[in-house]
Amino acid sequence: MSTKPSLAVVERLYLADAMGAPLQARLRLSLCAGQGIVGDRHAGRRDWPGQNLTLVEAEEIENYCLSRSRPIDLALTRRNIVTRGVRLNSLVGRRFRIGDCLLYGIERCEPCRSLGQRLADETFDVPAVIHYWTGRGGLRADVLSDGAIRAGDKLEIVDTSGGLA
């Protein structure tokens, strides 16, 4: 008996319009090629590779929250796009499409000290948080085409070779 492959979808969308500003949940994000999310604090910046857009797996956030007996909060990691049904680490070096937008996976989005500080508590310090999220922190991506991404959109891999063709 064959099983149907799981569907990779966008679970949630977020942006923050200024450094340290609260995340704003959105049903739709407008993206601009080479710039990122219109209205986001990182739009148009090039301080590090893949700064246009960040993605994280809903399953990883849920696992973390359950392991720490915390309420599930999909905004926890402050990533722009929360996905379900896809291993984002496998998208490094690959083109993929969400909604109208063509994207390119630049690198894993490893945890930083600020994530560690936000999630640390009396039983799980900053280094422990960073260690937990290493390899699970998501993906940094560049935006290759203008368009929109909506909650519920499918994520589809465009190339299977692992290269930017």
Side-chain angles (χ1 to χ4, degrees), residues 5-16 19-20 23 26 29 31-37 40-68 70 72-99 101-120 124-145 147 149 151 153-165:
S6 64
L7 184 64
V9 298
V10 172
E11 185 89 2
R12 295 272 170 41
L13 299 168
Y14 299 102
L15 69 78
M19 182 71 147
L23 281 184
R26 298 291 175 98
L29 294 176
L31 278 63
C32 185
Q35 300 295 308
I37 301 168
D40 188 70
R41 70 191 181 282
H42 292 297
R45 298 188 61 176
R46 299 192 188 284
D47 300 327
W48 58 78
Q51 192 172 7
N52 284 177
L53 189 67
T54 57
L55 301 92
V56 67
E57 298 165 26
E59 296 90 344
E60 291 295 352
I61 296 171
E62 291 164 347
N63 289 339
Y64 177 80
C65 291
L66 291 171
S67 76
R68 304 300 308 146
R70 297 175 65 131
I72 293 174
D73 174 7
L74 294 181
L76 188 75
T77 60
R78 294 187 60 85
R79 306 293 189 247
N80 303 122
I81 299 176
V82 180
T83 64
R84 185 172 299 279
V86 62
R87 293 296 302 160
L88 294 171
N89 289 350
S90 72
L91 298 179
V92 172
R94 298 175 85 177
R95 290 182 302 156
F96 58 100
R97 182 175 304 284
I98 302 175
C101 300
L102 185 62
L103 308 168
Y104 181 71
I106 297 294
E107 64 184 9
R108 294 184 338 185
C109 189
E110 296 296 11
C112 61
R113 184 156 185 81
S114 65
L115 177 71
Q117 290 169 331
R118 275 195 319 277
L119 301 183
F124 211 55
D125 64 9
V126 171
V129 171
I130 290 172
H131 178 74
Y132 180 93
W133 282 100
T134 299
R136 303 174 185 172
L139 177 72
R140 294 185 187 282
D142 279 345
V143 179
L144 302 179
S145 67
I149 293 176
D153 279 349
K154 288 188 261 182
L155 184 151
E156 300 173 285
I157 298 170
V158 173
D159 71 66
T160 56
S161 65
L164 181 60

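Computed from a prediction, not measured in an experiment: that's the story for all the values here. Counting from 1, the numbers follow the sequence of the chain as shown. Only this structure's heavy atoms are used, side chains among them; waters, hydrogens and symmetry mates stay out.
- Around CZ of R70, the count of heavy atoms belonging to other residues, nucleotides or ligands within 6.0 Å exceeds 12.
- Taken to the nearest 0.5 Å, the CG atom of L119 stands 9.5 Å off from the CG atom of D73.
- Nearest heavy-atom pair across G85 and A8 is O-CB, 3.8 Å.
- The minimum heavy-atom distance linking L102 with S145 is given by the pair N-OG, 2.8 Å.
- Although no hydrogens or angles enter the test, the distance criterion places a donor-acceptor pair under 3.5 Å between the side chain of N80 and the main chain of T54.
- One finds the CG atom of L53 at 11.0 Å from the CG atom of L15 (value rounded to the nearest 0.5 Å).
- Without hydrogens or angle criteria, R79 side chain to C109 main chain gives a donor-acceptor distance under 3.5 Å.
- Considering every non-hydrogen atom in both V82 and L74, the closest pair reads CG2-O, 3.4 Å.
- To the nearest 0.5 Å, the span separating OH on Y104 from CG on L144 amounts to 9.0 Å.
- Under the side chain to side chain contact (heavy atoms under 4.5 Å, CB included) criterion, A33 pairs with D146, sequence neighbours left out.
- Considering only heavy atoms from C-beta on, T134 comes within 4.5 Å of E110 through its side chain.
- Taking the side chain to side chain contact (heavy atoms under 4.5 Å, CB included) definition, one finds that E156 meets it with K154, sequence neighbours left out.
- A distance-only check finds no donor-acceptor pair linking the side chain of D142 to the backbone of I106 [under 3.5 Å].
- Remark: side-chain polar atoms of E60 are not paired, donor with acceptor, to backbone N or O of G138 under 3.5 angstrom.
- In this structure, L66 CG and I61 CD1 are separated by 12.0 Å, a value rounded to the nearest 0.5 Å.
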Inset, instruction - Could you give me the CA-CA distance, side-chain angles and deciding distance for L91 and L55, then say whether side-chain contact (heavy atoms from CB on, under 4.5 Å) is met? - result: CA-CA 11 Å; L91 298 179; L55 301 92; 6.0 Å; no

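- Residue C112 holds its SG atom at 10.0 Å from CZ of R78, rounded to the nearest 0.5 Å.
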Legend entry - Pair V143-Q35, side-chain contact (heavy atoms from CB on, under 4.5 Å): steps then yes or no: CA-CA 7 Å; V143 179; Q35 300 295 308; over 6 Å; no

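- Residues I37 and H42 are not in side-chain contact: their nearest non-hydrogen atoms beyond the backbone lie 4.5 Å or more apart.
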Inset, instruction - Under the side-chain contact (heavy atoms from CB on, under 4.5 Å) rule, what do V92 and R108 come out as? Steps first, then yes or no, please. - result: CA-CA 7 Å; V92 172; R108 294 184 338 185; 4.1 Å; yes

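- Atom-to-atom distance recorded for R97:CZ and I149:CD1 is 10.5 Å, nearest 0.5 angstrom.
- Heavy atoms only, all atoms of each residue included: A58 and R84 are closest at CB-NH2, 3.4 Å.
- A heavy-atom distance below 4.5 Å is found between the side chains of L103 and L31.
- By the ring-ring contact (aromatic ring centres under 6.0 Å, His included) test, Y64 is found to be paired with Y132, W133, residues two or more places apart in sequence or in another chain being considered.
- Of all non-hydrogen atoms in A16 and L23, the two that sit nearest each other are CB-CD2, 3.9 Å.
- Here the side chains of E11 and E59 are not in contact, with every heavy-atom distance at 4.5 Å or above.
- Scanning all heavy atoms of the two residues, the minimum distance from F96 to A141 falls at CZ-CB, 4.2 Å.
- Between the R41 side chain and the G20 main chain, no donor and acceptor come within less than 3.5 Å of each other.
- Between the side chain of R136 and the main chain of E57, no donor-acceptor pair closer than 3.5 Å is present.
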